[in-house]
Amino acid sequence: MISYKNNKILTIMENKEFSFKGTTVNGFLMLAILLVLAIVFGALFGFYVNAESPLSFVSLTCMLATLFCFKGLMQLEPNEARVMMFFGRYRGTFTHIGFFWVNPFINTKKLSLRARNLNAEPIKVNDKIGNPVMIGLVLVWKLKDTYKAMFEIDAQTMAGAAAIGKDVNNIMRAFENFVKIQSEAALRQVAGQYAYDDTETNAKELTLRDGGDDINKQLEERLTERLAMAGIDIVEARINYLAYSPEIAAVMLRRQQANAIITAREKIVEGAVSMVKMALEKLADEGVVELDDDKKAAMVSNLMVVLCGDDTAQPVVNTGTLNM
């Protein structure tokens with residue numbers, strides 16, 4: 001199957017998963033039958049052994065076969081699945097909820113289809129302009145294709161152990177380790193395409209700090225591409241931690257503080273000019289006092305100093321002079 005995305009042709013592996021179509025029996029019914037047979041054959045074996053009859057071997061064989069049939073009993077909870085294999089051959093995925101009995105020669109491995117969280121520890125990466133940043137993500141994922149999960153990747157050894165067996169917890173921990181490694185790789189790929197913050201050279205470009213949903217969407221796409229081979233579906237992926245690396249954090253903090261001060265000063269000056277203009281217009285309209293150009297300039301200078309200064313103004317009141 002071929003899909004088209006961003007003018008690129010992406011070849012997607014054919015879905016090889018299918019439902020198990022073998023014989024299944026109600027587990028409670030089969031359990032009762034097997035218990036009865038085990039008791040009957042056990043009693044027959046005891047009787048024929050005491051009687052020194054050759055039928056004791058037949059009854060023993062039947063009892064052992066009955067005990068072996070108990071291996072076919074299995075149960076499934078909601079959002080769980082079992083991969084069914086018959087002497088190494090994939091026979092389908094069993095997803096029915098309940099207690100069942102199947103051919104005891106079928107080897108089964110249980111997988112969890114429930115959503116899982118990955119809260120990755122922040123890692124150090126270089127952004128687009130080379131600044132080292134610390135970035136982390138939170139990821140919600142779940143298994144979607146059991147065939148790919150079990151047979152397209154090395155699920156037996158990717159956890160670092162020689163084998164993980166049939167225990168569902170060990171199997172899912174192996175997948176968690178695979179998801180963690182691939183998520184870090186995808187995070188490095190996305191973070192390296194963008195700058196941490198706006199600079200003079202990328203004032204209009206998307207950045208990690210202001211990208212928001214756009215960055216998270218691209219992160220989901222990269223993760224989907226990497227984890228599709230393992231049959232893993234990405235529910236949500238978001239950057240949950242972003243900061244400059246400690247070795248440059250202090251310098252970058254001073255730069256951000258300088259930018260904030262400049263922005264604040266611009267607003268103060270803009271407001272002061274507006275207030276001075278309003279004051280001159282009010283004085284002229286109401287005829288409070290007539291000012292020539294020199295006095296207007298002196299008044300504008302004094303008002304700008306008062307309005308733009310950091311310290312509280314201390315006005316000096318001129319009461320005039322006394323002529324003796």
Side-chain angles (χ1 to χ4, degrees), residues 12-20 22 71-97 100 102 104-125 135-190 219-241:
I12 302 178
M13 296 167 51
E14 182 182 358
N15 184 13
K16 299 179 181 179
E17 182 189 66
F18 57 87
S19 298
F20 177 68
K71 181 177 177 292
L73 295 171
M74 65 178 187
Q75 68 175 11
L76 275 184
E77 299 178 0
N79 286 322
E80 287 185 342
R82 282 186 181 269
V83 177
M84 318 293 279
M85 292 174 290
F86 185 71
F87 292 100
R89 182 180 179 183
Y90 175 66
R91 297 299 302 273
T93 300
F94 190 81
T95 56
H96 296 288
I97 301 171
F100 300 93
V102 296
F105 287 99
I106 292 179
N107 186 25
T108 68
K109 288 191 176 182
K110 186 164 68 172
L111 299 175
S112 174
L113 305 181
R114 297 164 182 155
R116 289 173 174 257
N117 282 325
L118 172 65
N119 187 11
E121 292 292 331
I123 59 175
K124 183 187 293 187
V125 301
I135 186 169
L137 86 161
V138 60
L139 174 66
V140 182
W141 62 277
K142 61 181 179 179
L143 287 183
K144 185 177 182 180
D145 191 315
T146 58
Y147 182 90
K148 291 180 180 179
M150 292 304 301
F151 304 114
E152 297 293 345
I153 61 174
D154 190 3
Q156 291 294 321
T157 59
M158 63 186 175
I164 58 177
K166 297 182 180 180
D167 185 72
V168 63
N169 294 325
N170 289 338
I171 294 175
M172 297 312 298
R173 276 196 292 268
F175 288 119
E176 288 176 355
N177 185 65
F178 181 81
V179 171
K180 180 181 178 181
I181 294 173
Q182 294 299 322
S183 64
E184 288 183 0
L187 191 60
R188 291 181 184 277
Q189 181 182 4
V190 173
L219 181 60
E220 287 185 16
E221 292 176 354
R222 300 290 87 77
L223 284 167
T224 299
E225 292 173 2
R226 290 176 173 272
L227 297 177
M229 71 177 76
I232 295 174
D233 182 40
I234 302 301
V235 179
E236 184 182 18
R238 290 187 173 275
I239 294 175
N240 67 337
Y241 183 88

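FYI, side chains are in, hydrogens and waters are out, and symmetry mates aren't considered; it's all heavy atoms of this structure.
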Could you check whether any side-chain N or O of [X] sits under 3.5 Å from a backbone N or O of [Y], counting only pairs where one atom can act as donor and the other as acceptor?
{"X": "Asp233", "Y": "Lys142", "answer": "no"}
{"X": "Lys71", "Y": "Pro104", "answer": "yes"}
{"X": "Glu225", "Y": "Arg222", "answer": "no"}
{"X": "Gln182", "Y": "Arg226", "answer": "no"}

Can you find a pair of side-chain heavy atoms, one from [X] and one from [Y], that are under 4.5 Å apart?
{"X": "Lys109", "Y": "Arg82", "value": "no"}
{"X": "Thr108", "Y": "Val83", "value": "no"}
{"X": "Phe100", "Y": "Leu73", "value": "no"}
{"X": "Met229", "Y": "Lys148", "value": "no"}
{"X": "Glu221", "Y": "Val190", "value": "no"}
{"X": "Asn119", "Y": "Asn240", "value": "yes"}

Full working for side-chain contact (heavy atoms from CB on, under 4.5 Å) between Phe175 and Leu111: CA-CA 10 Å; Phe175 288 119; Leu111 299 175; 4.0 Å; yes
With the threshold set at 4.0 Å, does a side-chain nitrogen-carboxylate oxygen contact exist between Arg114 and Glu77?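 Salt bridge present between Arg114 and Glu77.
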State whether Glu236 and Arg238 are salt-bridged, where the test is any N-O pair (Lys NZ or Arg NE/NH1/NH2 against Asp/Glu carboxylate O) under 4.0 Å. yes
Derivation of the salt bridge (Lys or Arg N to Asp or Glu O under 4.0 Å) call for Glu176 and Arg116: CA-CA 9 Å; Glu176 288 176 355; Arg116 289 173 174 257; 2.6 Å; yes
Report the relative orientation of the aromatic rings in Phe94 and His96; use parallel for angles under 30°, tilted for 30 to 60°, perpendicular for over 60°. perpendicular
Heavy-atom closest pair, residues Ile97 and Pro78: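 That closest heavy-atom pairing would be CD1-CA, 3.7 Å.
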Nearest heavy-atom pair of Leu113 and Ala81: which atoms, and what distance?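 Nearest heavy atoms, Leu113 then Ala81: CD1-CB, 4.0 Å.
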Gap separating the [atom1] atom of [X] from the [atom2] atom of [Y], nearest 0.5 angstrom:
{"X": "Phe87", "Y": "Ile106", "atom1": "CZ", "atom2": "CD1", "result": "10.0 Å"}
{"X": "Ser183", "Y": "Leu227", "atom1": "OG", "atom2": "CG", "result": "7.5 Å"}
{"X": "Thr146", "Y": "Glu17", "atom1": "OG1", "atom2": "CD", "result": "3.5 Å"}

May I ask you to check whether Tyr90 and Phe18 place their ring centres under 6.0 Å from each other? yes
Candidate pair Leu187 and Val125, rule side-chain contact (heavy atoms from CB on, under 4.5 Å), full reasoning: CA-CA 9 Å; Leu187 191 60; Val125 301; 5.8 Å; no
Could you please spell out the steps behind the side-chain contact (heavy atoms from CB on, under 4.5 Å) verdict for Leu118 and Val138? CA-CA 6 Å; Leu118 172 65; Val138 60; over 6 Å; no
Does Arg91, at its CZ atom, have more than 12 non-hydrogen atoms belonging to other residues, nucleotides or ligands within less than 6.0 Å?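 No, not enclosed.
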Taking it one step at a time, do Leu137 and Leu223 satisfy side-chain contact (heavy atoms from CB on, under 4.5 Å)? CA-CA 12 Å; Leu137 86 161; Leu223 284 167; 4.1 Å; yes
